[in-house]
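What follows is a short report on a single structure.
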2 protein chains.
Amino acid sequence: MVDVGDVFKALADPTRRHILDELAERDDQTLFEICTRLGTKHQFTSSRQAVSQHLELLEAAGLVRTRREGRYKFHTLDTTPLAQIAERWVRTRPQENP
Amino acid sequence: MVDVGDVFKALADPTRRHILDELAERDDQTLFEICTRLGTKHQFTSSRQAVSQHLELLEAAGLVRTRREGRYKFHTLDTTPLAQIAERWVRTRPQENP
DNA sequence: TTGATAGGCAAGCAGTTACTTGCCTATAGT
DNA sequence: ACTATAGGCAAGTAACTGCTTGCCTATCAA
């Protein structure tokens, strides 16, 4: 079970949301792929290190999973934390309180 | 339409989540009520100004609505921003991308 | 009118965050 | 072996955050 605060913090940054958008469009991307596609497709220029640090944070929040293959590191979107947040913060809140 | 970033930022802080919890349990509370109940029921002591500033931020994010009545200001939970972020970030993400 | 209660305003401060800069390691191609 | 590529590490910095402190305004009860 991930920390809800970490997930919300991760989602609070626009660059990180763009990264998640990008990974939602195309999974299994390397750091450099994400960087270039953020610039070309999302008009959002960020340095390699900036994106790298964002990916670290996203991984810590459980939103991104990584897989090493040679000198490449592939990044994959993991939506289970989002589902957990929805469970706690969206579905239950309007009608009932446990 | 509220800013998604503001909502996530608002939800990123544990104190603010406690405040929302408190408002979910009992709606239409004044600042002082929220302060005392945060302490007694949630074991979460925060000063008046701290809570006040959190409420300001929550209101800016659209998660709390206020109503003045004499010298009292009542705070009400508004869940529509949660529904909106669910629409954008939870329901659509796992299967499809628009 | 006086005092108490509910809340607001704004400056200051310590801790955090997003980003840069510079250098280093590791894998792969030639 | 040498060079280019993919990525990591860590210190530094400017901006932001959460909170405190001190004072001020407004409403109500006596």
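Chain letters run A, B, ... following the sequence lines, proteins first and then strands; every chain starts at 1.
- If you check every strand for non-hydrogen atoms under 4.0 Å, A:Ser46 touches nothing.
- Nucleotide D:dT27 holds its P atom 8 Å from the CZ atom of B:Arg68, rounded to whole Å.
- Judged by distance alone, the side chain of A:Arg67 and the main-chain N or O of A:Phe74 form no donor-acceptor pair under 3.5 Å.
- No donor-acceptor contact under 3.5 Å links the side chain of B:Glu69 to the base of D:dT27.
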Going through the checks in order, is the side-chain contact (heavy atoms from CB on, under 4.5 Å) test met by A:Asp78 and A:Val64?
CA-CA 5 Å; A:Asp78 189 347; A:Val64 163; over 6 Å; no
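- One atom, CD of A:Glu59, and another, C1' of D:dG7, lie 13 Å apart when rounded to the nearest Å.
- A close approach under 4.0 Å does occur between a side-chain nitrogen or oxygen of A:His54 and OP1 or OP2 of C:dC19.
- Between the CZ atom of B:Phe74 and the P atom of C:dG7 there is a distance of 8 Å, rounded to whole Å.
- The separation between A:Gln53 atom CD and C:dT20 atom P is 9 Å, rounded to whole Å.
- Side-chain atoms of A:Phe32 lie closest to D:dG7 of the nucleotides D:dG7, D:dG8, C:dC19.
- Summarising the geometry, the separation between CG on A:Leu31 and P on C:dA26 is reported as 18 Å, rounded to the nearest angstrom.
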When you compare the protein's N or O atoms with those of nucleotides 14-17 of chain D, which come within less than 3.5 Å of each other, and at what distance?
none

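- Looking at the side chain of B:Gln49, the nearest of the listed nucleotides D:dG8, C:dA28, C:dC9 is C:dC9.
- Regarding A:Tyr72, its OH atom lies at a distance of 17 Å from the C1' atom of D:dG8, rounded to whole Å.
- Atom CZ in A:Phe44 sits about 11 Å away from atom C1' in C:dA18, given to the nearest Å.
- Contact between B:Arg17 and A:Gly5 at its shortest, heavy atoms only, is NH1-CA, 3.5 Å.
- Here the nucleotide nearest the side chain of A:Arg48, chosen from C:dA6, D:dG7, D:dA10, is D:dG7.
- Salt bridge status for B:Asp28 with B:Lys73: absent, with no side-chain N to carboxylate O gap under 4.0 Å.
- Rounded to a whole Å, the CG atom of A:Leu55 is 10 Å from the P atom of D:dG7.
- Nearest nucleotide to the side chain of A:Arg71, out of D:dA4, D:dG18, C:dT20: D:dA4.
- Among residues at least two apart or in separate chains, salt bridge (Lys or Arg N to Asp or Glu O under 4.0 Å) pairs with a member in residues 30-39 of chain A are A:Glu22-A:Arg37.
- With distances taken from any side-chain atom of B:Ser52 to the nucleotides C:dT20, D:dT5, C:dG8, the minimum falls on C:dG8.
- When the side-chain nitrogen and oxygen atoms of A:Lys73 are compared with OP1 and OP2 of D:dG8, one or more of them lie within a distance under 4.0 Å.
- A:Val2 and A:Leu11 fall within a single hydrophobic cluster, where Ile, Leu, Val, Met, Phe, Trp and Tyr side chains are chained together by heavy-atom contacts under 4.5 Å.
- In summary, B:Asp27 and B:Arg65 do not engage in a salt bridge, as defined by a charged side-chain N under 4.0 Å from a carboxylate O.
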